[in-house]
Amino acid sequence: MYEKQYRLELSAPPAVLPLAENVLAALLALRDVVRHGARSMDAEYNAAWAKLYDARTALLGAMRSSLQR
């Protein structure tokens, strides 16, 4: 995971990098929620999953936009 983050830092357009960092932060937050015992139907898990989904959706949109330029 950290290798991919490093690659993004080297090659991603400036508009994409902060969104990629948001995805990584959301993924780590979801991992921590699971480590603390949350299950897929728990509100805490669902909130963390929703943040990851939203962050990923924003990242993919920015990546698509950068490719269309």
Correct closest heavy-atom pair for Ala38 and Tyr45 would be CB-CB, 4.1 Å
Which side-chain N or O atoms in residues 57-67 pair as donor and acceptor under 3.5 Å with protein atoms at least two apart or in another chain?
{"unit_1": "Thr57", "atom_1": "OG1", "unit_2": "Tyr53", "atom_2": "O", "d": "2.8"}
{"unit_1": "Ser65", "atom_1": "OG", "unit_2": "Gly61", "atom_2": "O", "d": "3.1"}
{"unit_1": "Ser66", "atom_1": "OG", "unit_2": "Met63", "atom_2": "O", "d": "2.9"}

For Ser40 against Asn46, the heavy-atom pair lying closest together:
O-OD1, 3.0 Å
Identify, with sequence neighbours excluded, every residue that meets side chain to side chain contact (heavy atoms under 4.5 Å, CB included) alongside Arg35.
Arg31, Asp32
Applying side chain to side chain contact (heavy atoms under 4.5 Å, CB included) to Asp54 and not counting sequence neighbours gives none
Non-hydrogen atoms of Ala26 and Leu52 that approach each other most closely:
CB-CA, 3.6 Å
About how many Å separate CZ of Arg56 and CG of Leu19, when rounded to the nearest 0.5 Å?
13.5 Å
